[in-house]
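Right, one structure below, let's go through it.
All values below come from the heavy atoms of this structure, side chains included, with hydrogens, waters and symmetry mates left out.
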Amino acid sequence: MDRTYETCIEACLACAAACDYCASACLRERNVDEMVKCVQLDMECAAICRTASQFMCLESEHANAVCQLCADICNACAEECNKHNTDHCKRCASICRSCAQECAVMAAA
């Protein structure tokens, strides 16, 4: 595997795990009805992060395009998570922003 991708792959996998945890934790909140959009974006973000990681591992010619989409979805997820005053959402938002930055760099490469 090209070491160029290594940091971004690690960021994507960490983000996917954070989003999985956040979605699960959101479903346990008392105000779960207010968390629907957050859960949806967590699931979308986790899925695209895993896909981006796989494309980079494959050294796909489409990896940069997938990384751009990943950055966009990570930013949307971070924005939604930031609307909620829970530790899991705040942590997820921070990790999503970091992943979005890594993916934006990869997309521009």
Side-chain angles (χ1 to χ4, degrees):
M1 175 179 59
D2 189 338
R3 295 188 81 57
T4 308
Y5 295 124
E6 194 169 334
T7 304
C8 193
I9 290 168
E10 290 172 4
C12 285
L13 294 176
C15 190
C19 287
D20 285 341
Y21 179 80
C22 187
S24 179
C26 284
L27 291 172
R28 291 189 299 274
E29 292 292 332
R30 276 184 274 156
N31 59 338
V32 72
D33 291 347
E34 297 172 22
M35 309 302 278
V36 171
K37 186 171 181 184
C38 191
V39 171
Q40 178 70 33
L41 279 167
D42 282 335
M43 293 184 336
E44 291 176 11
C45 190
I48 194 64
C49 283
R50 287 188 185 95
T51 300
S53 174
Q54 184 177 25
F55 271 59
M56 288 182 280
C57 286
L58 293 170
E59 297 183 24
S60 170
E61 65 184 71
H62 304 288
N64 294 37
V66 174
C67 285
Q68 182 59 60
L69 179 59
C70 188
D72 294 344
I73 293 173
C74 283
N75 281 324
C77 190
E79 186 176 316
E80 179 61 29
C81 280
N82 251 353
K83 294 177 182 176
H84 305 285
N85 193 26
T86 62
D87 289 341
H88 56 86
C89 283
K90 299 297 181 195
R91 180 177 179 273
C92 187
S94 175
I95 293 171
C96 283
R97 280 191 298 274
S98 295
C99 186
Q101 290 172 341
E102 288 293 333
C103 284
V105 168
M106 192 56 57

Please list, chain by chain and in numerical order, all residues satisfying salt bridge (Lys or Arg N to Asp or Glu O under 4.0 Å) with R50, sequence neighbours excluded.
-> D20
Show the numbers, then the answer: is there a side chain to side chain contact (heavy atoms under 4.5 Å, CB included) between C49 and I73?
-> CA-CA 9 Å; C49 283; I73 293 173; over 6 Å; no
As an exercise, state the distance from [atom1] of [X] to [atom2] of [Y], rounded to the nearest 0.5 Å.
X: R91; Y: C81; atom1: CZ; atom2: SG; result: 11.5 Å
X: C67; Y: M56; atom1: SG; atom2: CE; result: 4.0 Å
X: E34; Y: K83; atom1: CD; atom2: NZ; result: 12.5 Å
X: D72; Y: C77; atom1: CG; atom2: SG; result: 13.0 Å
X: C89; Y: E29; atom1: SG; atom2: CD; result: 7.0 Å
X: M35; Y: E80; atom1: CE; atom2: CD; result: 8.0 Å

Sequence neighbours excluded - side-chain hydrogen bond (donor to acceptor under 3.5 Å, both in side chains) pairs with any residue from residues 98-109 | none
Residue pair [X] / [Y], side-chain heavy-atom distance below 4.5 Å:
X: C45; Y: C96; answer: yes
X: Q40; Y: V36; answer: no
X: N85; Y: K90; answer: yes

Spell out, yes or no, whether L27 and M43 are grouped together once hydrophobic residues are joined by side-chain heavy atoms under 4.5 Å, including indirect joins.
-> yes
Quick one: do M106 and F55 end up in the same hydrophobic cluster if we chain Ile, Leu, Val, Met, Phe, Trp and Tyr together by side-chain heavy atoms under 4.5 Å apart?
-> no
For the side chain of N75 and the backbone of R97, is there at least one donor-acceptor N/O pair under 3.5 Å apart?
-> no
Check which hydrophobic residues are tied to I95 through side-chain heavy-atom contacts below 4.5 Å, counting indirect links as well, and list them.
-> none
[X] and [Y]: which non-hydrogen atoms are nearest, and at how many Å?
X: V66; Y: A52; answer: CG1-CA, 3.6 Å
X: S24; Y: R28; answer: OG-NH1, 2.8 Å
X: A76; Y: L41; answer: O-CD1, 3.8 Å
X: C74; Y: C15; answer: SG-SG, 3.9 Å
X: C99; Y: C12; answer: SG-CA, 3.7 Å
X: S53; Y: I9; answer: OG-CG2, 3.4 Å

Please test V105 against C8 for side chain to side chain contact (heavy atoms under 4.5 Å, CB included), starting from the C-alpha separation and ending with a verdict.
-> CA-CA 9 Å; V105 168; C8 193; over 6 Å; no
Any chance you could lay out the side chain to side chain contact (heavy atoms under 4.5 Å, CB included) test for C26 and D42, step after step, and finish with the verdict?
-> CA-CA 10 Å; C26 284; D42 282 335; 4.3 Å; yes
